[in-house]
Amino acid sequence: MAEMSQCNSREGSFNNKDASLLQCAPNISSWNTLYNRQKAALVKYPYPDHYLLPSKLARLRLVQANPSKYSSHPPEIRGFTRYLLMIQDFLFSAMSLIAWGHAEMHHVWTSIVLEADEDDDLSWPYALRSLYDRLQIVLITGGLLLASTATFLTTTPPEAHMANYTIRGPYICLLIAFGMLLGGTVVGSAQILFMAKIRAFFVRDVMLGDRFHVWGTLIILFYPFFTNCVATVLLAFGLLSSIWVADDPGLRGASILIVLLPFGIVLLLLAMWSTVKIKGGLASDAQELKETRTDGFTASNYV
């Protein structure tokens, strides 16, 4: 392939099945070619049911159980089950977004089959490098938080009347945050060591082999980010509570501003994401290809 000859690094080329692939992937120039291959792969290789969002999987099971009833329209899920599936969809999408960079796993599946079944060395190294980079960012952030927390745990506040974080409540928060960060750092480091040599067929057959393994892999990849978030909240709560029990009104006012700013940014991001309308995408483009070959509503509409 012409694209392969363009991707050489100090460690080697795409023909070397080792971690040097991670150095080549970001240098790919033909992104449209890569996208078209992924789109064609999503049409050629059926998207596994256990990769679907929980709500899509539930509707798919209803279609498979009674295909004649839902031959022209998708089933509707109502009541408590609908809200339960919404929560599961949110958790699944959040963990997939943190782990793989996408709210759904279409890009993961196409990257796997292109490398495992068609010996295409373009897509999987890029997906692996993206995962590797995200883990490194989470680990760096966790390391900074860990060092900061350790500093607070081992030092005496210079002005105890302004912020005494050594009293019982704040100190417990700091201890829990330190423990969670330490555990997240260990897990994240093990993931980086493991992912450096991982192959696509192993991910397909073992890590994402069935629904249980899909959820388990997402939880494992999501865990370092989760510990960072929880530890940040605990660290902030411990420090802010130490300020609030102090006697300085100026610091109390500043602490309110410190809390409101990040929460305001989070609310702004949620508002932007909830109102955006995305057109296209790998899954929808592949579905358009399928609809040129089939008519009516079928189970393939769920991928």
Side-chain angles (χ1 to χ4, degrees), residues 87-88 90-101 131-196 215-274:
I87 296 174
Q88 293 180 12
F90 173 77
L91 294 175
F92 189 95
S93 298
M95 290 189 293
S96 180
L97 183 64
I98 296 302
W100 305 107
L131 174 62
Y132 200 81
D133 288 343
R134 278 187 294 275
L135 284 174
Q136 285 184 321
I137 293 173
V138 171
L139 274 181
I140 292 173
T141 306
L144 294 174
L145 289 171
L146 185 64
S148 301
T149 307
T151 301
F152 286 116
L153 288 173
T154 56
T155 58
T156 303
E159 298 291 340
H161 67 281
M162 297 177 64
N164 187 7
Y165 45 80
T166 60
I167 59 179
R168 185 175 185 275
Y171 202 77
I172 290 176
C173 292
L174 296 179
L175 282 174
I176 297 175
F178 180 81
M180 295 201 68
L181 288 169
L182 193 60
T185 301
V186 172
V187 173
S189 300
Q191 289 177 17
I192 286 186
L193 294 175
F194 179 72
M195 292 295 177
W215 276 102
T217 299
L218 289 177
I219 291 173
I220 292 172
L221 295 176
F222 180 74
Y223 181 75
F225 178 82
F226 171 76
T227 57
N228 281 6
C229 292
V230 175
T232 300
V233 173
L234 289 172
L235 181 61
F237 182 78
L239 294 177
L240 290 175
S241 61
S242 67
I243 293 175
W244 273 93
V245 298
D247 301 327
D248 194 316
L251 282 178
R252 291 181 182 179
S255 64
I256 297 176
L257 182 63
I258 293 173
V259 172
L260 291 179
L261 283 177
F263 274 100
I265 296 297
V266 171
L267 291 177
L268 178 61
L269 288 174
L270 291 177
M272 293 171 59
W273 289 341
S274 62

Reported [atom1]-to-[atom2] distance for the pair [X] and [Y], which is rounded to 0.5 angstrom:
| X | Y | atom1 | atom2 | value |
| --- | --- | --- | --- | --- |
| Thr217 | Trp215 | OG1 | CH2 | 12.0 Å |
| Ile140 | Asn228 | CD1 | CG | 11.5 Å |
| Met180 | Cys229 | CE | SG | 10.0 Å |
| Phe237 | Thr232 | CZ | OG1 | 15.0 Å |
| Leu260 | Ile265 | CG | CD1 | 11.5 Å |
| Leu174 | Thr154 | CG | OG1 | 10.5 Å |

Within the 4.5 Å heavy-atom criterion, are [X] and [Y] side-chain neighbours or not?
| X | Y | answer |
| --- | --- | --- |
| Tyr165 | Leu153 | no |
| Ser189 | Thr185 | yes |
| Leu235 | Cys173 | no |
| Leu218 | Ser96 | yes |
| Phe152 | Leu239 | yes |
| Asp133 | Gln136 | yes |

Next on the checklist: Let's go through Met95 and Ile98 carefully: what are the C-alpha distance in whole Å and the side-chain angles of both, what is the deciding distance for side chain to side chain contact (heavy atoms under 4.5 Å, CB included) to 0.1 Å, and is it a yes or a no?
Outcome noted: CA-CA 5 Å; Met95 290 189 293; Ile98 296 302; 5.9 Å; no
For a quick test of reading the model, state the closest non-hydrogen atom pair linking [X] to [Y] and the distance between them.
| X | Y | result |
| --- | --- | --- |
| Ala147 | Thr151 | O-OG1, 2.8 Å |
| Ser241 | Pro170 | OG-CG, 3.4 Å |
| Val187 | Pro224 | CG1-CG, 4.3 Å |

Checklist entry - Do other residues, nucleotides or ligands put more than 12 heavy atoms under 6.0 Å from Phe222 CZ? => result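 Buried by this count: over 12 neighbours within 6.0 Å.
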Next on the checklist: Run Leu221 and Trp100 through side chain to side chain contact (heavy atoms under 4.5 Å, CB included) and show every step you take.
Outcome noted: CA-CA 9 Å; Leu221 295 176; Trp100 305 107; 3.8 Å; yes
Checklist entry - Has the side chain of Gln191 got a donor or acceptor atom that lies under 3.5 Å from a matching backbone atom of Val186? => result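 Side chain of Gln191 to backbone of Val186: no pair is present.
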